[in-house]
Amino acid sequence: LVNIADAIRRGVVTSTTRAMLEEAERRVARFESLLGEARRAPNPVVPFAVSVERYLRDLRATVNTNPEKARRLLSRAVERIVLKREGPRLVADVYGTLAGVLDIGDTGVGDSAGAGRGI
């Protein structure tokens with residue numbers, strides 16, 4: 001809009017600049033409308049970190065009180081753990097799916113949803 005307005009101020013007033021200005025104004029109005037709708041959305045998007053922290057907090061809270069539930073929570077996210085030696089250290093590569101952590105998709109305990117995606 002600013003560039004088109006500058007061109008009009010410099011005297012470059014043609015049917016093309018007029019059409020460009022009208023199109024730019026329509027786009028700005030559309031984006032402002034979409035932005036307003038997003039701000040009024042009843043269910044805001046939960047940040048990724050918040051979802052993971054909530055999952056870990058639930059897991060931590062159940063480890064000592066309900067080990068079976070803790071196993072189920074852990075199995076929602078972890079598919080396999082590969083141990084390997086790197087010099088004197090033992091290193092674990094953890095593979096899993098975020099669908100179980102984020103409560104998305106149809107991921108029952110022990111299913112292979114998200115197989116092959118590492119976390």
Same apolar cluster (I L V M F W Y, side chains within < 4.5 Å links), Val94/Leu90: yes
Note, Arg30 side chain near Arg27 side chain (heavy atom, < 4.5 Å): no
Rounded distance (nearest 0.5 Å) linking atom CZ of Arg72 with atom CG of Asn66: 6.5 Å
Val91 reachable from Val78 in the ILVMFWY side-chain graph, under 4.5 Å edges: no
Set of side-chain hydrogen bond (donor to acceptor under 3.5 Å, both in side chains) partners for Asn3, sequence neighbours left out: none
From Leu73 atom CG to Leu59 atom CG, the distance as rounded to the nearest 0.5 Å: 5.5 Å
Glu22 CD to Ser15 OG distance, which is reported to the nearest 0.5 Å: 10.5 Å
Side-chain ion pair, Glu53 and Arg57, N-O less than 4.0 Å: no
Point-to-point distance, once rounded to the nearest 0.5 Å, from CG of Leu74 to OG1 of Thr62: 9.5 Å
Contacts of type salt bridge (Lys or Arg N to Asp or Glu O under 4.0 Å), residue Glu25, not counting sequence neighbours: none
ILVMFWY cluster membership beyond Phe31 - transitive side-chain contacts under 4.5 angstrom: Leu34
Test item: Tyr95 side-chain N/O and Val82 main-chain N/O as donor-acceptor pair under 3.5 Å: no
Interatomic spacing from CD in Glu23 to CG in Leu21 - rounded to 0.5 Å: 10.5 Å
Side chain proximity check, Glu79 to Thr97, heavy atoms < 4.5 angstrom: yes
Point-to-point distance, once rounded to the nearest 0.5 Å, from CZ of Arg76 to CG of Asp58: 8.0 Å
Side chain to side chain contact (heavy atoms under 4.5 Å, CB included) between Asp93 and Lys84, intermediate numbers included: CA-CA 8 Å; Asp93 287 333; Lys84 61 184 177 182; 3.0 Å; yes
Which atom of Thr17 lies closest to which atom of Ile4, heavy atoms considered: O-CG2, 3.8 Å
Neighbour count above 12 (heavy atom, 6.0 Å) for Arg26 CZ: yes
